[in-house]
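Here the structure is laid out as structure tokens; the discussion comes afterwards.
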Amino acid sequence: MEYNFREIERKWQQRWTAEKAYRVKTDPDKPKFYVLDMFPYPSGAGLHVGHPLGYIASDIYSRYKRLKGFNVLHPMGYDAFGLPAEQYAIQTGQHPAVTTENNIARYREQLDKIGFSFDWDREVRTCDPAYYRWTQWAFIQMFRHYYDNATGKAEPIEKLETRFAERGTEGLDAACTVPMDFTADEWKAMDGKERENVLQNYRLAFRADTLVNWCPGLGTVLANDEVKDGLSVRGGFPVEQKRMKQWLLRVTAYAQRLLDGLDKLQWSESLKEIQRNWIGRSEGAQVFFGLKGHAEKLEIFTTRPDTIFGATFMVLAPEHELVPQLTTPEYRKAVEAYLEETKKRSERERIAETKRVSGQFTGAYAVNPFNGAEIPIYISDYVLAGYGTGAIMAVPAHDSRDYAFAKHFSLPIIPVVEGGDLEKESYDAKEGKLINSDFITGLDVKEAIRVMFAEVEKQGLGKKQINYRLRDAIFSRQRYWGEPFPVYYKDDIPHTLNEDKLPLELPDMQDFGPTETGEPPLARAANWKTQEGYPYELSTMPGFAGSSAYYLRYMDPHNDRELVSKEANAYWRSVDLYVGGIEHATGHLMYSRFWNKFLYDLGYVCEDEPFKKLVNQGMIQGRSNFVYRIKGTDTFVSAGLKDGYDTQEIHVDVNLVRNDVLDLEGFRKWRPEFAGAEFVLEDGKYVCGWAVEKMSKSMYNVVNPDDIVENYGADTLRMYEMFLGPLEQAKPWDTNGIDGVHKFLRKVWRLFVDKAGDVAVTDEPPTERELKTLHRTIKKVSEDIENFSFNTSVSAFMICVNELTEYGTRKRGILEPLTILLSPFAPHIAEELWEMLGHRDTVLNAAFPQYNPEYLVESTVEYPVSFNGKMRFKIALPATADAGAAEAAVLADPAAAKYLDGKTPKKVIVVPGKIINIVV
RNA sequence: GCCCGGAUGGUGGAAUAGGUAGACACGCAGGACUUAAAAUCCUGUGGGCAGUGAUGUCCGUACGGGUUCGAUUCCCGUUCCGGGUACCA
């Protein structure tokens with residue numbers, strides 16, 4: 001009986017499905033553990049071998065935790081709404097509902113072959129009305145709440161209305177779009193529309209007329225994380241800044257909490273750093289500068305108030321509201337020309353030309369509040385309207401951008417901090433002593449900053465202020481394939497639907513493409529209005545809406561009264577382990593945390609952070625293969641000989657190549673143009689060249705997991721993906737070497753089955769040597785799983801099986817625990833072997849074996865080395881031995897005694913289980 | 001530009017509270033079995049030099065320094081590679 005992985009895997013997959021072996025229920029008697037994968041976007045291309053990497057790792061961990069006695073929630077679903085699904089649908093001319101359904105079916109088929117322990121009864125799909133009613137519900141809650149900085153949480157909007165009626169905005173500290181100031185009487189005098197406009201300024205889901213990322217290629221606006229280098233992340237279309245009225249989520253209200261929360265999370269430092277940078281907290285001072293000949297003041301933001309004596313000019317963003325007012329008649333023409341020029345430059349050009357210095361003097365002067373100096377006011381597009389106040393004091397001596405500007409316009413450069421060489425460049429470092437700075441001269445920079453913060457407030461020139469780079473999330477998309485907003489308009493005032501009207505279902509439209517007028521596709525939907533005839537919102541929600549709370553829905557997926565019941569949420573709480581790609585750092589992982597914190601404020605969830613521990617699996621890159629055609633011929637030359645010819649490098653399908661050796665017949669059949677190919681071989685083989693590239697169809701380097709499963713089995717695929725290297729590291733997929741893992745599983749099989757094909761397990765008691773091998777493996781494997789070091793645990797298995805094979809071990813006492821140990825990695829073969837051992841229950845019901853430290857004792861001193869009066873011994877110690885016990889063991893060891901030669905050691909340095917230094 | 005990682009045989013990678021560098025696997029070479037091939041198994045495999053040989057010896061963890069009895073590991077500097085971010089004041 002050979003290791004027939006096809007039959008074994010089919011058998012157990014069917015049995016797990018039939019028995020619903022991985023179904024999980026809340027169980028107060030067991031500790032819970034929630035393991036989550038980032039659910040996939042069901043694209044048309046299907047899964048390649050890179051996709052399951054994280055799923056395999058989380059599946060191993062889930063199975064391990066189950067064996068350790070935890071009640072493990074390990075669900076899976078589909079992120080099925082959004083741009084890529086819609087783009088794919090438009091390209092193929094099919095309805096997105098149809099393509100999505102097909103793609104999901106294909107994904108499911110592929111996933112099932114790999115033997116995951118998902119509880120499929122909990123599957124969610126973001127495009128399912130029963131699911132997205134809770135996305136709409138959350139939106140309504142955000143619409144009905146505002147963020148009160150005084151209480152530090154979201155509060156009902158009614159509370160704000162009551163406050164306005166009683167006191168107006170007096171004493172209000174709430175997150176808002178623009179600061180407002182009105183009295184109770186003024187509020188009472190407002191009509192419904194005016195009041196709503198005020199409330200929109202505070203609601204957590206709100207409409208605003210702001211600069212947005214408009215992508216003409218996709219016909220929609222995009223959030224900041226969906227744009228990179230001026231291009232859309234999806235599709236790579238140019239994106240421009242445009243003023244439009246859009247729905248937004250007031251994510252910035254939570255900026256500080258999103259930042260603080262990171263400290264509690266077990267995420268990689270690099271991921272936390274990305275989020276910290278994205279939030280971009282900067283502590284500085286708001287300072288008002290006087291304006292020569294004007295009553296108004298000019299408000300600026302600076303993180304370096306200590307350098308205020310070195311400010312030699314001011315710069316305003318071209319869009320700054322004071323520009324028209326400040327510009328003097330003689331400069332009006334030049335200023336208008338500059339404004340015209342900057343308007344024409346696209347966002348992309350502006351980014352590409354960041355080194356180019358441009359700007360225009362306005363003719364106006366500001367007055368430095370500390371020394372009365374009159375300094376010229378410029379406009380320039382290196383100052384952004386959207387950050388701080390859109391105006392800066394320029395200190396060319398200590399800011400590189402100001403420096404470049406000053407050099408270009410020959411403006412004075414006054415050093416106020418010692419250090420650096422101002423002939424060459426500015427001195428930006430926050431260290432050194434202040435000079436030329438009146439009362440702060442001689443202070444250290446850090447001290448000077450502190451003094452100036454205090455001084456600015458004392459003199460009433462401004463106050464300390466914290467700015468964030470984080471922007472509110474643009475939440476509407478002018479597309480079809482997304483959640484409809486539960487919003488209708490009455491006299492142009494937005495109203496949310498009553499919760500009992502949810503879900504508001506997406507109308508089934510055959511013509512779902514972009515409209516010619518630029519309106520969203522829903523504009524074409526018949527009867528897209530309430531029963532009373534009020535029109536619904538035409539935009540739909542963005543891709544991240546559906547993925548922001550899916551982890552909560554898995555806790556209680558069939559509840560039609562709540563997103564998640566209090567009981568289910570109190571039991572499962574939050575995700576203990578989240579595995580997924582780092583590309584979601586500034587998107588999904590930010591929005592989910594925001595969404596969760598909001599629901600936490602409202603008391604719907606009991607944890608304020610959704611994902612306790614997060615592991616980023618590295619991307620699997622493609623490994624392409626090449627053949628070398630001699631130019632102008634049909635002859636292909638092997639890689640080792642190609643230097644002797646003038647050749648052309650051609651990508652060849654990696655599935656025609658094994659261990660870099662080309663399947664010649666397969667190649668001839670691959671494409672008609674190669675049917676007559678001739679080959680120049682080396683050592684009778686055609687060796688291909690290779691390179692690491694992105695995995696893509698055009699490089700012919702896509703490896704489909706189905707093919708691997710077909711040829712080697714799911715267990716081999718699972719173990720090989722883990723063996724490939726550290727989980728978090730990016731690495732190329734390389735099928736070379738998969739034989740080694742497959743060979744390992746066959747060796748495991750042969751421990752149970754003899755040459756004649758019979759199960760040959762004995763009940764003989766194991767020897768000490770066999771037990772040592774087993775317990776060492778148990779220790780190594782369990783520690784490695786806890787540390788996510790799956791590649792080294794696979795190695796540990798290989799060493800173990802090599803040793804057992806050498807001993808000829810077929811003993812139940814060894815093989816039984818080994819089977820359990822192996823089951824998280826290779827569950828199918830483990831189940832089969834478990835059954836062979838005579839167990840009728842599944843290996844799942846077993847307990848993970850514990851190692852016994854007694855069997856980890858090494859037998860003798862391995863080697864003594866003597867130098868300079870010190871000796872080193874590797875000695876035999878239980879892993880649990882403390883320093884005292886280890887020292888005693890050394891002194892008692894006859895070999896050590898021999899080398900000590902009767903002398904008393906001065907000092908014994910002991911590392912239990914490891915190395916001992918003896919200083920004689 | 002700034003921030004964060006990383007660099008170990010022909011290849012993927014082990015080993016870092018400093019202590020036998022190269023586990024495990026691939027590949028390669030040789031051998032066994034076989035009419036043959038595949039599969040399987042065994043042996044060898046960082047490099048140089050010396051030796052018939054067991055073996056000995058020197059050099060080796062990107063490069064240059066430093067600390068230490070001892071450095072892949074710690075410190076300083078340099079080069080290259082990967083990722084994030086970018087007129088954010």
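Every chain is numbered from 1, with letters handed out A, B, ... down the list of sequences.
When rounded to the nearest whole Å, the span between OH of A:Tyr387 and C1' of B:A86 equals 13 Å. Rounded to an integer number of Å, the gap from A:His742 NE2 to B:C26 P is 13 Å. Residue A:Ile274 contributes atom CD1, which lies 7 Å from atom P of B:U85 at whole-angstrom precision. B:U85 atom P lies 10 Å from atom CD1 of A:Ile582, rounded to whole Å. Atom-to-atom, CD of A:Gln621 to C1' of B:G82 comes out at 9 Å; the value is rounded to the nearest Å. Residue A:Trp267 contributes atom CH2, which lies 18 Å from atom C1' of B:G83 at whole-angstrom precision. Rounded to whole Å, atom C1' of B:C26 lies 12 Å from atom OH of A:Tyr712.
Relative to the side chain of A:Glu273, the nucleotides B:C24, B:C3, B:G13 differ in distance, and B:C3 lies closest. For A:Asn736, the side-chain atoms get nearest to B:C26 when compared with the rest of B:C26, B:A14, B:A89.
Both key distances under 3.5 Å define a Watson-Crick or G-U pair, and stretches of 3 or more such consecutive pairs in RNA chain B run B:1-7 with B:79-85, B:10-12 with B:24-26, B:27-32 with B:40-45, B:46-50 with B:55-59, B:62-66 with B:74-78.
The glycosidic torsion of B:G53 lies more than 90° away from 0, placing the base in the anti range.
Checking the phosphate oxygens (OP1, OP2) of B:A86, a side-chain nitrogen or oxygen of A:Arg469 falls inside 4.0 Å. Look at A:Ser282 and you'll find a side-chain N or O under 4.0 angstrom from OP1 or OP2 of B:A89.
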Mind listing the N/O atom pairs, protein and nucleotides 40-42 of chain B, below 3.5 Å?
| from | atom 1 | to | atom 2 | distance (Å) |
| --- | --- | --- | --- | --- |
| B:U40 | OP1 | A:Arg746 | NH2 | 2.1 |
| B:C41 | OP1 | A:Arg750 | NH2 | 3.4 |

Which atom pairs link the protein and nucleotides 5-12 of chain B when you take only N or O atoms and keep those under 3.5 Å?
| from | atom 1 | to | atom 2 | distance (Å) |
| --- | --- | --- | --- | --- |
| B:G12 | O2' | A:Leu724 | O | 2.7 |

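Applying the ring pair (Phe, Tyr, Trp, His ring centres under 6.0 Å) rule to A:Phe405 yields the partners A:Phe313, A:Tyr378, A:Tyr382, A:Phe409; only residues at least two apart in sequence or on another chain are considered. Judged as a side-chain hydrogen bond (donor to acceptor under 3.5 Å, both in side chains), and not counting sequence neighbours, A:Gln360 has no contacts.
Residues A:Glu803 and A:Thr773 bring a donor and an acceptor atom of their side chains to less than 3.5 Å of each other.
A:Asn802 comes within 4.0 angstrom of sugar-phosphate atoms only, judged by non-hydrogen atoms across all strands, and of no base. When heavy atoms are screened at a 4.0 angstrom cut-off, A:Asp402 is found touching no nucleic acid atom at all.
Among residue pairs with one or both ends in residues 717-732 of chain A, those qualifying as side-chain hydrogen bond (donor to acceptor under 3.5 Å, both in side chains) are A:Asp59-A:Arg718; sequence neighbours excluded.
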